[in-house]
Asks: 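Handing you a structure now.
Predicted model, so just to flag it, every value in this text is computed and none were measured. To find a chain, count down the sequence lines: A is the first, B the second, and so on, and within it residues start at 1. Hydrogens, waters and symmetry mates play no part in the numbers below; they use all other heavy atoms, side chains included.
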Amino acid sequence: MAKLQPGPKLQPVRGTHDILGDKARAFRFIQGVFQDVAIRFGHQEISTPIFEFTEVFKRTLGETSDVVSKEMYTFEDRGGEFLTLRPEYTAGIARAFISNGLQQSLPCKFYGFGPMFRYERPQKGRMRQFHQMDVEILGVPEPQADIEVLAIAATLLTELKLIDDVTLEINSLGDTESRNDYRDALVTYFEAHKDQLSEDSLARLTKNPMRILDSKDEGDRALVENAPRISAYYNDPTKAFFDEVISGLDALDIKYVINERLVRGLDYYCHTAFEFITTKLGAQGTVLAGGRYDGLMELMGGPPTAGIGWAAGMERMAELVSPDLVLNEPRPIALIPVGPDCQSEALKIAQQLRIAGHAVHMSYKGNMKKRMKRANNANANEAVIIGEDELARGMATIKNLNDGKQQEIALDKILNYLDQYLSLEVKKR
RNA sequence: GCGGGUGUAGCUCAGUUGGUUAGAGCGCCAGAUUGUGAUUCUGGAAGUCGCCGGUUCAAUCCCGGUCACUCGCCCCA
């Protein structure tokens with residue numbers, strides 16, 4: 001680690017990272033594809049504040065959820081308000097929906113992305129500040145919205161070339177009636193085997209019994225094998241809803257696995273729940289996950305409004321995405337003035353090239369050797385060398401940094417020459 | 001909140017069964033080449049061996065603590 005001076009702590013706060021270099025490029029690439037896909041599906045961008053009144057999250061996520069009970073970054077501001085850095089996107093969007101009176105303009109199709117904050121012990125694929133991309137459809141109670149939202153996810157993962165790295169697991173948590181019936185049955189079952197449950201699952205039994213289903217404890221797993229299955233408790237509407245979602249996936253040729261033990265931690269989910277999972281990221285295999293939350297708006301005090309959406313972890317995606325896909329930045333042109341008298345001419349040419357759309361690296365100081373070296377480090381394609389001799393003749397030297405060949409070009413032909421030459425280079429590839 | 005692993009140069013890592021000057025590769029700087037990078041050759045700078053304490057004639061190495069990073073549990077994207 002770098003040597004730290006005495007004084008303020010100079011390392012980043014635990015669980016936070018600086019995003020630069022390849023990681024920044026990967027983020028920008030992923031974000032770009034995401035926005036493009038979301039817009040093609042007719043979604044509007046929404047950007048909500050990264051903090052909200054604490055109540056917004058407390059009410060919607062449920063007091064007993066881990067997020068609320070131990071993971072929120074909450075603070076009191078100078079006005080005495082309790083604020084919380086958003087631990088997830090959906091609650092903020094739901095609040096924005098109500099604040100802006102958007103029930104007048106249903107359905108609402110949103111996309112957004114940005115940082116989220118959870119006070120957790122960091123590990124692979126899990127940070128205290130992390131970034132999510134988020135998609136929501138509000139006001140569509142029909143399964144078509146579920147299908148569409150899944151189609152967005154599948155399209156995104158396909159265009160990021162990640163679709164073969166992930167498995168879509170899907171389940172229905174049922175409507176309120178089905179879900180409550182099932183929960184009761186589960187509790188009855190596990191109560192009868194209380195003595196065999198792990199300590200963690202014993203706590204889940206009162207807090208969130210459905211969580212026991214995806215326990216990693218071996219003893220629990222054996223019990224879960226014989227536990228009642230959720231599909232046995234689906235009523236007719238639930239069954240019809242889920243069937244329609246599934247046939248939509250079939251129609252779109254989106255591959256999935258039905259996992260009856262897939263549950264959600266947060267209280268407001270119903271019907272469809274899904275996760276795109278990979279085995280390539282260690283313990284945190286979920287790359288993109290979401291579900292339907294028809295009860296959320298009322299929970300928050302708004303008009304009853306159906307909702308479905310998902311969130312994807314950008315750090316996790318960035319780990320998976322191939323560097324070849326990301327490395328598509330145009331190579332710059334390096335401008336190298338030789339001697340102080342050539343500085344202003346070089347500056348003018350650089351500006352001309354930049355206005356014409358080229359990426360230009362202008363060197364600031366150093367002898368020619370050093371400037372050439374910097375040009376090389378910047379991965380420049382061409383170096384435009386402006387020297388006093390050439391300048392006197394109205395010429396500049398253009399050197400191809402790939403093959404080392406160089407030639408003189410008239411100053412007023414530089415743009416023209418580079419436009420032609422570089423477009424040929426692109427065609428060659 | 002609970003458990004495991006790791007901390008040596010800007011980066012990736014060797015190493016010392018405790019003993020004088022701490023090692024490599026990459027990177028950086030300079031020169032070979034005062035108007036030419038990438039390749040080659042030569043030279044150089046750079047480390048309180050995470051921090052504090054203990055044991056010892058002597059600690060980067062052993063012991064204790066602490067901080068940081070990392071992996072896992074809980075939970076989640």
Asks: If the P atom of B:A59 is compared with that of B:A22, how far apart are they to the nearest Å?
Replies: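 After rounding to an integer number of Å, I get 14 Å for this pair.
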Asks: Please work out if A:G290 contacts a base, only the sugar-phosphate, or nothing of the nucleic acid, heavy-atom cut-off 4.0 Å.
Replies: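 No contact.
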Asks: Under 4.0 angstrom, heavy atoms only, what part of the nucleic acid is A:G125 near: base, sugar-phosphate, or nothing?
Replies: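 Base contact - A:G125 has a heavy atom under 4.0 Å of at least one base atom.
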Asks: What contact category does A:E315 fall into here, base, sugar-phosphate, or nothing, at under 4.0 angstrom with non-hydrogen atoms?
Replies: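 It contacts nothing in the nucleic acid.
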Asks: Does A:L288 reach a base, just sugar-phosphate, or nothing at all? Heavy atoms under 4.0 Å.
Replies: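 Since only primed, P, OP1 and OP2 atoms lie under 4.0 Å of A:L288, the category is sugar-phosphate.
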Asks: Does a salt bridge link A:R261 with A:E169, judged by any charged N lying under 4.0 Å from a carboxylate O?
Replies: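 Salt bridge between A:R261 and A:E169, a charged N being under 4.0 Å from a carboxylate O: no.
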Asks: Counting the atoms with a prime plus P, OP1 and OP2 as sugar-phosphate, which does A:E120 contact under 4.0 Å by heavy atoms, base, sugar-phosphate, or nothing?
Replies: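 Answer is base: heavy atoms of A:E120 come under 4.0 Å of a base.
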Asks: Is there a donor and acceptor pair, one atom on the side chain of A:R14 and one on the base of B:C69, closer than 3.5 Å?
Replies: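 Under the 3.5 Å cut-off, the side chain and the base do not form any donor-acceptor pair.
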Asks: With a 4.0 Å cut-off on heavy atoms, is A:N377 in touch with a base, just the backbone sugar-phosphate, or nothing at all?
Replies: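 Since only primed, P, OP1 and OP2 atoms lie under 4.0 Å of A:N377, the category is sugar-phosphate.
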Asks: Determine the sole option in A:Q44, A:E45, A:E136 for which the side chain to side chain donor-acceptor pair (under 3.5 Å) test with A:Y111 is passed.
Replies: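 Going through the options one by one, the only one that passes is A:E45.
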Asks: When we call it a touch if two heavy atoms are under 4.0 Å apart, what does A:I336 touch: a base, just sugar-phosphate, or nothing?
Replies: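 No contact.
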Asks: Report yes if at least one side-chain N or O of A:K399 is closer than 4.0 Å to OP1 or OP2 of B:U36; otherwise report no.
Replies: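 Checking A:K399 against B:U36: no side-chain N or O falls below 4.0 Å of OP1 or OP2.
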Asks: How would you label the contact of A:R121 with the nucleic acid (heavy atoms, under 4.0 Å): base, sugar-phosphate, or nothing?
Replies: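 The residue A:R121 makes base contact.
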Asks: Looking at A:E390 and B:G35, is any side-chain donor or acceptor paired with a base atom of the opposite kind under 3.5 Å?
Replies: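 Check passes, donor-acceptor contact within cut-off.
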